[in-house]
Amino acid sequence: MGDPVIRTASPYTNPNIKCPRLQRLSSGPSSSFINNSNNNNNNNKSSNSKYPNCQPSSLDNAHAYTSTYTLHTMNAPLFNHDHVNKTNLHPGGVKPHVEHTELEEELHQKAHIDYDRVAIIANPSVASLYEDALVYETGTAITSSGALTAYSGKKTGRSPSDKRIVKEPSSENDIWWGPVNKPMSPEVWKINRERAVDYLNTRNRIYVVDGYAGWDEKYRIRVRVVCARAYHALFMRNMLIRPPREELEHFHPDYTIYNAGSFPANRYTEGMSSSTSVAINFAEKEMVILGTEYAGEMKKGIFTVMFYEGPVKHNILTLHSSANEGKDGDVTLFFGLSGTGKTTLSADPNRRLIGDDEHCWSDRGVFNIEGGCYAKTIGLSAEKEPDIFNAIRYGSVLENVVFNPETREVDYDDATLTENTRCAYPIEYIPNAKIPCLSPNHPKNIILLTCDARGVLPPISKLDSAQTMFHFISGYTSKMAGTEDGILEPQATFSSCFAQPFLALHPMRYAKMLAEKIENHNANAWLLNTGWVGAGFAQGGKRCPLKYTRAILDAIHSGELANVEYENYEVFNLQVPKSCPGVPSELLNPKTAWTAGANSFDTEVKKLGGLFLENFKKYESEATEDVIKAGPVV
């Protein structure tokens, strides 16, 4: 049965005529190819590395990644023409019984995947995913840098209003029910799951990618992705931690994602708000995606799983943060919403990158959840973000970018398809990445980033425990004036724990864990404003120069900033340093730096303080008195 979705024309339109790669696969792997692959793998594998597939050479030498195991699964019934007893009446003849792999049997038993009609391509190489994406998926191309570019269709971002959590006895008392986590009944879950599996069974080929979430072996979870698009398979191959080949042969997942995003949910099924559904079942340990081909749903789905599994099952704190480590082993965590500088500031040439987005803080230190990075590329240039720019090469997946059809050069300033253009690449593509991506040391500094366009929050302030919890739960930044019709002044945006769309539990639960860990390990907590100084955006102020922000960070890491004299900043009651090496002292206190008139300053600071208090009302029932009092006094 052909794909119902219109695909790019293939040079091999007749299914009985195989391309050279499939001719080789269907004839069986030759011993010389296997031997060469094994030799290449052995050459690329560091003798002391637990993660050989995370060496920079392993993706470049993509054919070596394809092993006997992969070739066996790719030699699936779709490509098997060894039928017997063919007649004019029955030209298809009879297909002899085929022995199935352990992985195929598991998919058949757990999800009723029809392994006799669907080619199950398990843990394919980068090269083979490139080939399949180019042949079968519209909008796919190889760019001039060597990266694959793909189109996610109508949905070019996440669909938070379509996220559902199955309401079942084992987890319902822990979940933070409400607008973030809308309940789905087990009966509706079964309908959607069956719909996804039915769709996957209509495909000629499906892909399976196995990997880990979490670099600490004690706390990691085994993840299996079952999908119909090569683009999705390559994306998750980059974002999960890639296991050694020997660990894939008997891999049994803790969680499985069934991505049937090209097929819509039934809008008339109870509880469906649209044709998109992204649902997680913590009892069945499965995730089902319908009606969206945006790859980020898979990544963030696993993040939500870790936000549940970490605190509930292991008493570890899951965090939406970047992390880096200094030469002396000191770890810094950076929390912040989009546009606050989380990625930029954690990329420090003097410190090694542990990860750029998702981490856990356990009793054994800090570890990255992911095996890759998912960076925004709108406005990207080699001058602004050289590490990210240079990571966009063979093996990386660009998403929804626009390129020159002749030169295949990407125009990173072109937002024709979406403002949310992105690239997923393995973390080892970043030169100063620390692999394995974990540290046995506990964080020394916790930095809450904000971009205050009103210009009334200090560039840097030191937080006590209650203030840390208050600002962590608040998760404040600004939406700029002019970005949407009707917005005439900066708009306050709040996202609890800097991760509201991904939280599984009540924000106060994560905040209490963070405060306990900060106290137990004597970490310093800071509120760092990368926004406007001197005046607000609307009053003609300027954004704090990056060189001053980096000077503040250097002073934090050297310990100098902890030892200077501080003063109290009214309304927000923040402790503000009177001096900081490399930063003009007049910029450190917004009141003394303000140039737009005293009356306008008082108005702006009280207005922002009121917005904080209004936002925090929804958390007061779970908050302690000291945390409530840590907010602004208007």
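Nothing here was measured: the structure is a model prediction, and the numbers come from that model.
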Walk me through it: do Tyr255 and Glu309 pass the test side chain to side chain donor-acceptor pair (under 3.5 Å)?
CA-CA 11 Å; Tyr255 275 82; Glu309 290 274 340; 2.5 Å; yes
Using a 4.5 Å cut-off on heavy atoms from C-beta on, say whether the side chain of [Y] contacts that of [X].
| X | Y | answer |
| --- | --- | --- |
| Trp526 | Ile460 | yes |
| Asn324 | Val331 | no |
| Tyr476 | Leu337 | no |
| Ile120 | Leu103 | yes |
| Phe251 | Arg224 | yes |
| Ile121 | Val208 | no |
| Trp361 | Thr318 | no |
| Ile289 | Tyr258 | no |

For the side chain of [X] and the backbone of [Y], is there at least one donor-acceptor N/O pair under 3.5 Å apart?
| X | Y | answer |
| --- | --- | --- |
| Thr276 | Gly291 | yes |
| Thr477 | Cys451 | yes |
| Arg393 | Tyr425 | no |
| Glu137 | Ala230 | yes |
| Ser125 | Ser128 | yes |
| Thr343 | Ala375 | no |
| Asn368 | Cys437 | no |
| Ser496 | Gln500 | no |
| His359 | Ile369 | no |
| Arg543 | Thr530 | yes |

Which pair of heavy atoms, one from [X] and one from [Y], lies closest together, and at what distance?
| X | Y | value |
| --- | --- | --- |
| Leu438 | Trp215 | CD1-O, 4.2 Å |
| Ser396 | Ala391 | OG-O, 2.7 Å |
| Gly329 | Asn441 | O-ND2, 2.8 Å |
| Met306 | Ala213 | CE-O, 4.2 Å |
| Ala141 | Phe403 | CB-CZ, 3.6 Å |
| Met239 | Ala424 | SD-CB, 3.9 Å |

Hydrogens and angles aside, do [X] and [Y] bring a side-chain donor and acceptor to less than 3.5 Å of each other?
| X | Y | answer |
| --- | --- | --- |
| Ser159 | Thr292 | no |
| Thr421 | Asn400 | no |
| Tyr212 | Glu247 | yes |
| Thr450 | Asp452 | no |
| Tyr429 | Asn390 | no |

Could you state the interatomic distance from [atom1] ([X]) to [atom2] ([Y]), rounded to the nearest 0.5 Å?
| X | Y | atom1 | atom2 | value |
| --- | --- | --- | --- | --- |
| Cys423 | Ile388 | SG | CD1 | 9.0 Å |
| Leu148 | Ile392 | CG | CD1 | 12.5 Å |
| Ile435 | Ile430 | CD1 | CD1 | 10.0 Å |
| Asn445 | Leu528 | CG | CG | 11.0 Å |
| Arg203 | Tyr199 | CZ | OH | 4.0 Å |
| Leu527 | Leu448 | CG | CG | 6.0 Å |

From CA spacing to verdict: side chain to side chain donor-acceptor pair (under 3.5 Å), Glu409, Ser144
CA-CA 5 Å; Glu409 291 183 359; Ser144 59; 5.0 Å; no
Go through the steps for Tyr130 and Leu234 under the test side-chain contact (heavy atoms from CB on, under 4.5 Å), then give the verdict.
CA-CA 8 Å; Tyr130 264 54; Leu234 183 55; 3.8 Å; yes
Hey, what's the ring geometry for [X] with [Y], parallel, tilted or perpendicular (30° and 60° as the breaks)?
| X | Y | value |
| --- | --- | --- |
| Tyr294 | Tyr374 | tilted |
| Phe472 | Phe335 | perpendicular |
| His557 | Phe334 | perpendicular |
| Trp532 | Phe537 | perpendicular |

Can you tell me which residue among Leu553, Leu333, Ile354, Leu353 is in a side-chain contact (heavy atoms from CB on, under 4.5 Å) with Ser346?
Leu353
Can you list the steps and then say if Tyr207 with Leu129 is a side-chain contact (heavy atoms from CB on, under 4.5 Å)?
CA-CA 9 Å; Tyr207 304 91; Leu129 289 172; 3.8 Å; yes
Val223/Asp210 under side-chain contact (heavy atoms from CB on, under 4.5 Å): CA gap, chis, key distance, verdict:
CA-CA 6 Å; Val223 178; Asp210 294 328; over 6 Å; no
Please determine whether a side-chain nitrogen of the Lys or Arg among [X] and [Y] lies less than 4.0 Å from a carboxylate oxygen of the Asp or Glu.
| X | Y | result |
| --- | --- | --- |
| Glu370 | Lys299 | yes |
| Lys376 | Glu399 | no |
| Lys155 | Glu297 | no |
| Glu325 | Lys444 | no |

Centroid-to-centroid, His320 to Phe307, below 6.0 Å?
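No.
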Kindly determine whether Val288 and Ser277 satisfy side-chain contact (heavy atoms from CB on, under 4.5 Å), including the steps that lead there.
CA-CA 8 Å; Val288 168; Ser277 174; over 6 Å; no
Please walk me through it: do Asp162 and Ser274 pass side chain to side chain donor-acceptor pair (under 3.5 Å)?
CA-CA 7 Å; Asp162 297 307; Ser274 73; 2.9 Å; yes
Carefully, step by step, assess Glu385 and Thr344 under the rule side chain to side chain donor-acceptor pair (under 3.5 Å).
CA-CA 8 Å; Glu385 300 281 0; Thr344 300; 2.8 Å; yes
Quick test of your reading: applying salt bridge (Lys or Arg N to Asp or Glu O under 4.0 Å), list the pairs with at least one residue in residues 327-352, sequence neighbours left out, ordered by first then second residue.
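Sorted result for residues 327-352: Asp330-Arg351, Lys342-Asp357.
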